[in-house]
Amino acid sequence: MTAMPKWADAVLVPLISLLIAFVISGLVILAIGENPMEAMRIMVSGALGSTYGWGYTLYYATNFIFTGLAVSVAFHAGLFNIGGEGQAGVGGLGVALACLYIPWPHWSLALAAALVASAVFGAAWAAIPAWLQAKRGSHIVITTIMFNFIASALLVYVLVNILRPTGSMDASSARFAEHLRLPRLNEILALVGIPFNNRNPANISFLLGLVACVAVWVLMWRTRLGYELRAFGKSEKAAVYAGISPVKITMAAMLISGALAGMMAVNTVMGEAQRLILNSVEGAGFIGIAVALMGRSHPFGVLLAALLFGFLYQGGAELALWTKIPRELIVVIQALVILFTGALDNMVRRPVETLFLMARKGR
Amino acid sequence: MDFATLIQILDSTVRLATPLLFACLAGLFSERAGVFDIGLEGKMLAAAFLSGAVAAVTGNVWLGMFAGIGASLLMAAIHGLASITFRGNQLISGVAINFLAAGLTVLLGQNWFGLGGRTPALTSGGRFEPIILPFAEAMAPVPVLGPIYSELISGHSFPVYLAWAMVPATAWLLYRTRFGLRLRAVGENPAAVDTAGVSVTAIRYAAVAICGVLCGLAGAYLATGLAAGFGKDMTAGRGFIALAALIFAKWRPWYALGACLLFGFLEAVGNRFPNIDLGLIVLPAQFMQALPYILTVVILAGFVGKAIPPRAGGEPYVKER
Amino acid sequence: MTVQANAGRPDSAAPPAPPAIELRGISKAFGPVQANKDISIRVARGSIHGIIGENGAGKSTLMSILYGFYRADSGEILIGGQPTAIPDSQAAIRAGIGMVFQHFKLVQNFTVLENVILGAEGGAMLRGAMTRARQSLLDLARDYELDVNPDAVVEDLSVGHQQRVEILKALYRQADILILDEPTGVLTPPEADQLFRILRGLKDQGKTVILITHKLREIMEITDTVSVMRRGEMVATVKTAETGPEQLAELMVGRKVLLRVEKRPATPGRPVLEVENLTLRDGQGVERLRGISLSIRAGEILGIAGVAGNGQSELLEVLGGYARASGSVRLNGQPLDLSGREDAATRRAQGIGHVPEDRQARGLIMDFSAWENAAFGYHNAPEFQKSNILMDNDAIRADTVSKMERYDVRPPIPTLAAKNFSGGNQQKIVVAREMDRNPDLLLIGQPTRGVDIGAIEFIHKQIVALRDAGKAVLLVSVELDEIMSLSDRIAVMFDGRIMGERDPATTDERDLGLLMAGVVQ
Amino acid sequence: EPALIFDLGGKFDKSFNEAAFNGAQRWAEETGGSYKELEMQSEAQREQALRRLAEAGANPVVMTGFAFGDVLGQVAPDFPDTKFAIIDMVVDLPNVKSVVFTEEQGSYLVGMMAAMASKTGTVGFIGGMDIPLIRKFACGYAQGVKAANPDATIVANMTGTTPAAWNDPVKGGELTRAQKSQGADVIYAAAGGTGIGVLQTAADEGILSIGVDSNQNHLHPGKVLTSMLKRVDNAVYSAFTEGTDLQPGINVMDLAAGGVGYALDDNNAELVTEEMKAAVDAASEQIASGALAVHDYMTDETCPALTF
Ligand SMILES: Nc1ncnc2c1ncn2[C@@H]1O[C@H](COP(=O)(O)OP(=O)(O)OP(=O)(O)O)[C@@H](O)[C@H]1O
Ligand SMILES: Nc1ncnc2c1ncn2[C@@H]1O[C@H](COP(=O)(O)OP(=O)(O)OP(=O)(O)O)[C@@H](O)[C@H]1O
Ligand SMILES: [Mg+2]
Ligand SMILES: [Mg+2]
């Protein structure tokens with residue numbers, strides 16, 4: 001018998017951990033001489049107080065949904081993919097190539113092509129570390145870190161020497177054709193009569209992110225591949241006994257993971273910037289780790305965690321805008337959230353467990 | 001490549017390898033005791049910041065160094081708490097520490113100095129000065145040996161010599177002392193140590209603390225030896241390279257020296273030859289800059305033999321479920 | 001069974017000294033599991049005291065408390081009449097207690113010497129300790145017939161030798177009281193005899209020995225007193241001379257137990273499995289199987305006897321489809337590909353069912369629910385698919401409910417995680433899964449390891465029923481009793497070879513024991 | 001109320017953004033006025049920042065860095081009544097003032113000085129990332145070097161490929177040593193925070209360095225040969241001063257307009273010889289008058305004096 005009901009483990013413990021992280025963040029704000037309550041107010045109103053704020057929150061959340069799902073899928077297979085950053089970067093290259101070199105008549109076709117291209121590029125970037133892990137036992141944590149560095153070298157080279165329009169100062173590709181602009185969230189919501197601010201980058205990719213959540217859920221819990229992936233992640237020995245090939249699963253998990261990370265680029269490259277810029281991923285690959293951890297690697301949890309981090313990002317931006325608090329405060333809050341919900345969760349779980357045990361005995 | 005160039009590249013190698021070596025040995029202690037640590041980067045960064053800050057304020061590099069070690073120890077304590085006491089996921093804890101250091105250093109730095117996270121530039125007393133070994137001047141004209149002694153061996157700052165000394169010291173501690181025996185045992189089979197009447201927790205904390213001290217030295221050397229002050233994100237991924245070196249070194253001290261020197265050497269060569277003209281094609285600078293990472297992958301691909309991590313590594317020691 | 005005449009001196013002459021150990025009211029809970037309940041026991045100085053009980057009865061827990069590995073929730077420990085606090089193993093060692101655990105606590109890549117001195121280095125430097133330890137190992141070896149090479153690396157030693165290292169560790173720490181937790185499970189009968197000689201020698205030197213075992217024969221052979229545990233409680237302590245195996249078995253289980261399997265004589269048909277010259281090298285290039293040849297016919301159980309680690313596991317792995325080997329294997333006359341191209345899934349499709357030796361590490365995913373486990377390995381089966389992509393979870397659940405009923409899995413809740421079932425019921429889930437598909441050949445390793453008597457009876461009946469349905473069964477077990485009572489033919493493995501085949505009707509444990517030790521007659 | 005948006009490097013980068021900040025500060029001190037300022041957290045915020053400031057009524061909105069160009073092109077038409085000024089980029093819109101600097105000219109001057117100050121005949125250049133802007137600096141510098149000493153050798157390095165390349169003083173120092181070992185005794189750094197390490201190490205190693213954007217001579221008095229001044233501070237100052245009357249169009253801040261130049265102050269007075277000063281001032285006049293054309297890398301993406 002487990003000591004604690006499932007809901008307590010899935011909801012109560014993360015919530016308490018989150019609370020602790022926020023309280024400590026508050027202390028940090030206090031320590032640098034600012035007012036935590038005021039800071040919180042600015043963050044909440046800036047990120048959630050208007051459809052404009054929501055737009056940005058959802059835009060960032062979209063990135064984190066994809067990278068969070070990417071990390072989750074690999075996690076389920078027992079693999080720690082730290083390479084989301086590089087995979088998303090290379091995925092962006094895929095988007096740019098798909099949008100720049102083929103004269104699509106309509107954005108929907110371009111979107112389909114960009115999705116495929118970003119997924120393929122992202123997966124390809126994950127493929128080598130995956131293969132090395134599967135075949136040569138090279139530690140995937142290290143190889144994916146290395147591939148992040150290699151990806152950024154590749155991107156600088158490609159952007160500066162190949163994609164950059166001649167005469168342009170900016171190390172970025174040309175702008176995509178105007179008719180390839182993805183529909184913004186406000187345009188979509190207008191179809192169903194919901195007014196939404198039109199000056200934010202939230203776009204159709206957010207809906208794709210939701211679709212990706214459902215797709216990953218189906219994959220993990222309704223398909224054979226997902227079943228094998230989870231079994232492999234829980235016990236490699238048992239998986240082999242059951243006829244599940246470690247090489248196949250490692251490759252499949254990492255390719256899916258890389259593809260998901262790559263697809264993040266559709267949001268940033270096609271949805272927002274409409275061109276490929278240097279460093280378009282901006283750490284979202286790493287945030288994906290935190291998102292996956294907080295979301296307990298479940299797509300629904302990932303969605304919630306991505307929204308939380310989207311809120312942190314947008315709220316933090318507003319904070320930097322209206323106060324003297326540097327933007328790095330957000331990094332600190334992220335760190336604390338990861339620490340308390342991910343690494344120190346037993347610190348909360350144990351007392352909660354004891355409480356439940358006592359309650360049960362008391363009955 | 002002429003001899004003088006070689007000496008200069010090697011000289012640069014030694015400097016670039018030093019922070020890696022500290023961090024790599026730090027990781028060695030921690031991981032040999034069964035606590036994986038991808039937070040080397042964060043600990044170094046925290047140490048670099050506080051050592052830079054304290055050295056700037058006091059003008060005393062030693063105070064700076066100790067402050068740096070203190071900062072790194074604090075991060076190590078968090079890692080220990082998470083991965084030893086609360087049996088959390090060691091990788092996650094490491095990730096958190098990296099973020100925490102990246103954020104806190106700038107936040108506090110901006111709060112204290114208002115220079116956007118940078119600490120004020122250090123003046124002479126706040127920095128480690130080169131140490132000229134005896135007879136370095138006199139030896140210089142001697143062919144071959146002269147430059148090797150006077151340029152390559154002499155003229156580094158204190159932490160460099162300390163780092164080199166740490167290698168035999170680590171090997172000695174690990175293989176010749178009671179503590180080392182217990183530490184290695186704890187990373188292989190903590191239950192064996194426990195049933196032998198030795199506290200697994202104490203040994204692991206000790207290892208994590210040593211890791212903290214060494215990362216502290218790595219960071220302090222960056223900010224007060226190689227550079228003259230702390231700059232935002234100045235570790236620039238060196239903690240991860242040290243981790244790769246550790247795996248490459250198969251968790252052994254002398255190999256660690258070799259691995260760190262190799263990485264230092266690759267970087268030094270990349271600095272010296274920003275792009276290499278192969279006649280037909282010119283390898284672009286970006287390729288040369290990515291070369292250390294590419295080589296790491298190649299090395300990890302197992303062309304130098306498979307690295308077997310300490311058997312109990314990454315797993316919290318759980319007696320009672 | 002042989003009792004060497006008067007190897008142990010009778011204690012009757014001993015004066016009424018305080019007992020070496022006395023435990024009073026020890027209780028211990030692991031979360032919701034009450035492993036020990038208010039246990040009291042006295043162990044006389046200079047005696048060999050046996051402890052028996054079913055799996056999970058709490059034997060190891062009790063001894064681990066005595067050794068300071070766990071802390072009791074309540075209760076008192078007296079050593080030599082003195083109340084003694086044992087908060088950790090260091091305290092136990094100081095009190096003169098040594099323990100050889102069921103699962104050895106050795107550092108595999110350390111040398112024997114390093115393992116022996118670990119925790120008892122006697123100084124900050126190793127050099128001096130090494131020299132001293134080397135000398136005292138020599139002395140101990142002489143005194144107790146405990147030979148091992150001090151410089152050998154532990155992972156290269158046989159299990160028997162590893163056990164000696166464990167005993168040496170305790171003796172090096174000058175233990176007066178030695179606890180051995182199921183020491184003979186991994187030994188050949190000759191090795192076990194050797195161990196018993198060592199134990200008697202220790203007793204002669206005035207040391208106290210506590211011996212945990214499942215084997216009633218050993219209790220009768222060597223102990224002076226025996227305590228019986230059941231479900232965390234101490235149910236009886238009796239003088240060995242005043243009891244017998246039947247009474248002990250009844251005390252252990254709480255009812256009368258039939259220690260034999262009922263079965264009709266076999267009627268073997270066509271050959272189902274034909275193995276010729278099977279050879280396997282492991283990662284280090286060591287030959288684990290050295291030219292195995294055997295065959296099994298339909299309606300026949302072939303038992304493989306042998307001490308663990310002599311190639312039985314590898315044999316099962318090759319036949320189960322997850323280890324490569326060379327040689328030839330034919331199933332129903334069709335050759336199998338052993339090159340690694342065919343995997344465990346292929347084998348299942350070919351009609352081989354496989355109950356693995358280690359159900360927790362291989363046979364089940366402990367975090368998966370029972371229904372997910374009930375399809376494990378057969379998750380590709382057409383009846384479990386809704387479409388090309390989607391699995392039919394409802395169908396699997398329905399199938400699981402039916403299996404749980406037929407195989408008496410308790411509790412019959414398909415959504416319960418495997419880890420929340422007791423060991424016996426976990427095994428039933430695996431057995432149900434593998435047998436329910438009516439495989440032509442069933443590979444079954446250690447079918448009743450860690451399983452309570454009731455479940456043992458049930459599983460044995462199922463195996464015999466499968467045989468009677470005309471299927472071939474390859475049974476691997478380290479329990480000779482099980483091999484003897486189930487098999488129609490017995491093959492003995494030693495060091496990767498088949499040492500010989502025997503007819504259970506005409507062989508005995510001594511004969512098999514010699515083969516298991518590699519002695520060819 | 002005017003507003004200033006800094007590029008991702010942050011306002012305390014000791015060079016480009018800090019120069020902008022200084023300009024704004026000077027305006028604030030002189031006029032007693034106040035202004036809004038903003039540091040960005042992410043790429044997506046560029047547009048957000050612009051819109052927020054425009055919506056909040058800031059006018060003019062000044063931004064530093066070419067990376068704003070694309071976004072400004074999108075945002076400016078939405079706020080026809082707000083004036084924008086962008087530095088380092090041309091955005092051709094009726095309410096936008098584009099301020100561009102002829103970095104190649106300033107770099108040319110310091111290149112000449114480098115060549116003249118060099119005893120070894122080898123000078124160095126250290127850039128942050130290999131992006132076009134940095135090549136523009138390097139190319140102008142190389143031309144100046146060759147003009148003063150046709151036989152001079154130029155050693156050029158880029159720091160890295162990740163954003164860390166702008167913040168790696170350790171690597172900057174190591175590159176400096178590597179260049180010194182190749183004979184360079186004057187090194188020009190155009191690498192943001194990495195440049196701090198270049199200047200520091202050059203001072204430690206007893207060679208000369210050249211600062212960039214702001215006047216960095218004071219960082220190591222007597223050891224920084226000069227600084228290539230890019231008067232971003234002036235651009236910001238004048239934009240703020242013009243206020244809502246900001247004149248749209250392209251404003252080329254070239255040598256003639258005092259937009260670029262080299263720094264001469266007490267800190268480096270002893271390093272700059274009369275002869276050097278004379279030569280550089282002469283070149284300066286020629287450039288200003290158009291008699292001497294310094295090739296701009298961006299016009300055809302080639303450089304007559306240096307290959308990348
Ligand atoms: N750097 C060293 N300094 C001193 N002795 C060493 C060193 N490296 C190895 N040795 C010696 O060689 C022996 C084997 O060392 P090795 O490094 O191969 O150990 P290992 O494979 O890491 O295993 P373990 O974990 O048991 O140390 C050690 O017991 C030690 O005596
Ligand atoms: N470390 C632990 N954490 C949680 N529960 C445990 C632990 N060790 C044992 N238990 C539980 O305590 C009970 C008693 O276990 P114990 O190992 O003492 O049994 P045993 O009599 O030694 O059995 P066996 O014959 O299988 O060795 C079992 O239910 C077991 O699952
Ligand atoms: Mg030197
Ligand atoms: Mg036991």
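In what follows, every heavy atom counts, from backbone to side chain, and hydrogens, waters and symmetry copies are set aside. So that the names make sense, note that chain A is the first sequence line, chain B the second, and so on, each numbered from 1.
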Visitor: So what's closer than 4.5 Å to chain B heavy atoms on Arg94(C): side chain, backbone, both or neither?
Guide: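 Neither; nothing under 4.5 Å.
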
Visitor: Using 0.5 Å steps for rounding, measure from the CD atom of Glu188(B) to the CD atom of Glu155(C).
Guide: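 Reported to 0.5 Å precision, the distance equals 8.5 Å.
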
Visitor: Is the shortest side-chain heavy-atom distance between Phe179(B) and Glu121(C) below 4.5 Å?
Guide: no

Visitor: Using non-hydrogen atoms and a 4.5 Å limit, figure out which bit of Leu118(C) sits close to chain B: side chain, backbone, both or neither.
Guide: both

Visitor: What distance separates Ile117(C) CD1 from Arg182(B) CZ, expressed to the nearest 0.5 Å?
Guide: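 Rounded to the nearest 0.5 Å, the CD1-CZ separation comes out at 9.5 Å.
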
Visitor: Heavy-atom count around Tyr255(B) OH within 6.0 Å, excluding the residue itself: above 12?
Guide: no

Visitor: Looking at chain B, which one of Ala170(C), Ala92(C), Gly123(C) has the largest number of heavy-atom pairs inside 4.5 Å, strictly under?
Guide: Gly123(C)

Visitor: What are the residues of residues 189-203 of chain B, in order of number, with any heavy atom under 4.5 angstrom from a heavy atom of chain C?
Guide: Asn189(B), Ala191(B), Ala192(B), Val193(B), Asp194(B), Thr195(B), Ala196(B), Gly197(B), Val198(B)

Visitor: To the nearest 0.5 angstrom, please state how far the CZ atom of Arg176(B) sits from the CZ atom of Arg127(C).
Guide: 6.5 Å

Visitor: Taking CZ in Phe66(B) as the centre, count heavy atoms belonging to other residues, nucleotides or ligands within less than 6.0 Å. Is the count above 12?
Guide: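 No, not enclosed.
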
Visitor: Flag yes if more than 12 heavy atoms outside Gln174(C) fall under 6.0 Å of its CD atom; otherwise flag no.
Guide: no

